[in-house]
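All of these numbers come straight from a predicted model, not from anything done at the bench.
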Amino acid sequence: MADDIIKIAENNLRETVGDYFFSYFKFDENSFYQYQDRKGNIKWARLKKGRQTKGKFLNAKQVVFIYKHPDFEYDYVNKRVYVHFDSILNLVEKIDIDRIPKFLLENKKSNWLNRTELNQIIDNQNLKKSARKINLRLEFDSRKKEYYWIVFNTIAIFDCYSDEEILHLDPVTGEILKHFEERQYLTNCN
């Protein structure tokens, strides 16, 4: 049963993140498993609560949970955690929780700069004259396993591209990690 797979995944996730933080997770209906049908074809199917899996169960490579925490409400940030099982529901790999900030896992107050503090740091950088409002977005560097703020200061707008002055800021200290200019092209432009 799908509910059994989900329950085992929840137990593994709870063990990884702790009882406190586990309460912020919700099962994502975009979870999938792999099975073999009667003809021997290997297929994928959605893992749905209350349903039985199809065919011969092979693995669950995408049992997905999403966390929503009031101290981490940022747009466009991937808040998914994946649990991967083999055919007998053993974890295939350690659950990757690198994208979850330490202060959340430790149930501590955020040590990140707030929006006002970030804006003040940006204002003090003597950026070039903006062609539109400065855009600020939180990004995750999967190689370094850390977050940073990316600031886009659009300095020129053209039909199919724009010239951007870009800053990368440390979310805790506000330190400028990178400062450069780049031309960015629109994907669907004629």
For [X] versus [Y], what's the shortest heavy-atom pair and its separation?
X      : Y      : result
Tyr33  : Gln52  : OH-O, 4.5 Å
Ile121 : Leu169 : CG2-CD2, 4.3 Å
Ile5   : Phe85  : O-CE1, 3.9 Å
Asn78  : Tyr147 : O-OH, 4.4 Å
Arg14  : Phe22  : NH2-CE2, 3.0 Å
Val81  : Leu13  : CG1-CD1, 3.8 Å

Would you check if the side chain of [X] reaches a backbone N or O of [Y] as a donor-acceptor pair within less than 3.5 Å?
X      : Y      : value
Glu106 : Phe103 : no
Ser23  : Tyr20  : yes
Asp141 : Lys145 : no
Asn90  : Asp86  : no
Ser110 : Trp112 : yes

I'd like to know whether Gln125 forms a side-chain contact (heavy atoms from CB on, under 4.5 Å) with Asp123, so could you lay out the CA-CA distance, the side-chain angles of the two residues, the decisive distance to 0.1 Å, and finally the verdict. CA-CA 6 Å; Gln125 296 309 307; Asp123 290 345; over 6 Å; no
Shared ILVMFWY cluster between [X] and [Y], side chains joined below 4.5 angstrom?
X      : Y      : answer
Tyr82  : Tyr67  : no
Val77  : Ile100 : yes
Ile97  : Ile8   : yes
Val83  : Leu58  : no
Leu113 : Leu127 : yes

Between [atom1] of [X] and [atom2] of [Y], what distance do you get to the nearest 0.5 Å?
X      : Y      : atom1 : atom2 : value
Thr154 : Arg132 : OG1   : CZ    : 4.0 Å
Asp98  : Ser142 : CG    : OG    : 9.5 Å
Ile157 : Leu186 : CD1   : CG    : 10.0 Å
Leu167 : Asn153 : CG    : CG    : 8.0 Å
Leu118 : Leu138 : CG    : CG    : 9.5 Å
Phe140 : Arg99  : CZ    : CZ    : 5.5 Å

Which class fits the ring pair [X] and [Y]: parallel under 30°, tilted 30 to 60°, perpendicular over 60°?
X     : Y     : result
Phe25 : Phe65 : perpendicular
His69 : Tyr24 : tilted
Phe72 : Tyr74 : perpendicular

Show your working on side-chain contact (heavy atoms from CB on, under 4.5 Å) between Val64 and Phe27 and close with a plain yes or no. CA-CA 6 Å; Val64 185; Phe27 174 71; over 6 Å; no
Got [X] and [Y] here, is their nearest side-chain heavy-atom distance under 4.5 Å?
X      : Y      : result
Asp28  : Lys26  : no
Phe32  : Leu47  : no
His84  : Leu91  : no
Ile134 : Ile122 : yes

So, are Arg137 and Glu139 salt-bridged, with charged N and O less than 4.0 Å apart? yes
Taking NZ, NE, NH1 and NH2 as the nitrogens, is one of them in Lys54 or Asp37 under 4.0 Å from a carboxylate oxygen of the other?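 Salt bridge flag = no for Asp37 with Lys54.
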Ser31 and Gln62: side-chain donor and acceptor closer than 3.5 Å?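 No, no side-chain donor-acceptor pair sits under 3.5 Å.
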Please assess Leu105 against Lys102 for the test side-chain contact (heavy atoms from CB on, under 4.5 Å), listing each intermediate value before the final yes or no. CA-CA 5 Å; Leu105 290 170; Lys102 297 253 186 284; 5.7 Å; no
More than 12 heavy atoms of other residues, nucleotides or ligands under 6.0 Å from [atom1] of [X]: yes or no?
X      : atom1 : value
Gln120 : CD    : no
Arg38  : CZ    : no
Lys61  : NZ    : no
Arg46  : CZ    : yes

Measure centre to centre between the rings of Tyr35 and Trp44, then say whether the value is under 6.0 Å.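 That pair fails the under 6.0 Å test.
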CA sep, side-chain torsions, deciding dist, call: Asp170, Thr173, side chain to side chain donor-acceptor pair (under 3.5 Å): CA-CA 6 Å; Asp170 182 281; Thr173 66; 3.2 Å; yes
What pairs with Lys178 under side chain to side chain contact (heavy atoms under 4.5 Å, CB included), at least two apart in sequence or on another chain? His168, Phe180
Mind running side-chain contact (heavy atoms from CB on, under 4.5 Å) on Lys49 and Ile6 for me, showing each step along the way? CA-CA 8 Å; Lys49 287 184 177 181; Ile6 295 166; 3.6 Å; yes
Do you know which of Asp3, Asn11, Asp4 makes side chain to side chain contact (heavy atoms under 4.5 Å, CB included) with Lys7?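 For Lys7, the side chain to side chain contact (heavy atoms under 4.5 Å, CB included) test succeeds with only one of Asp3, Asn11, Asp4, which is Asn11.
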Identified salt bridge (charged side-chain N to carboxylate O under 4.0 Å, His left out) counterpart of Lys128 within the set Glu165, Glu181, Glu164: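 Testing Lys128 for a salt bridge (charged side-chain N to carboxylate O under 4.0 Å, His left out) against Glu165, Glu181, Glu164 leaves exactly one candidate, Glu181.
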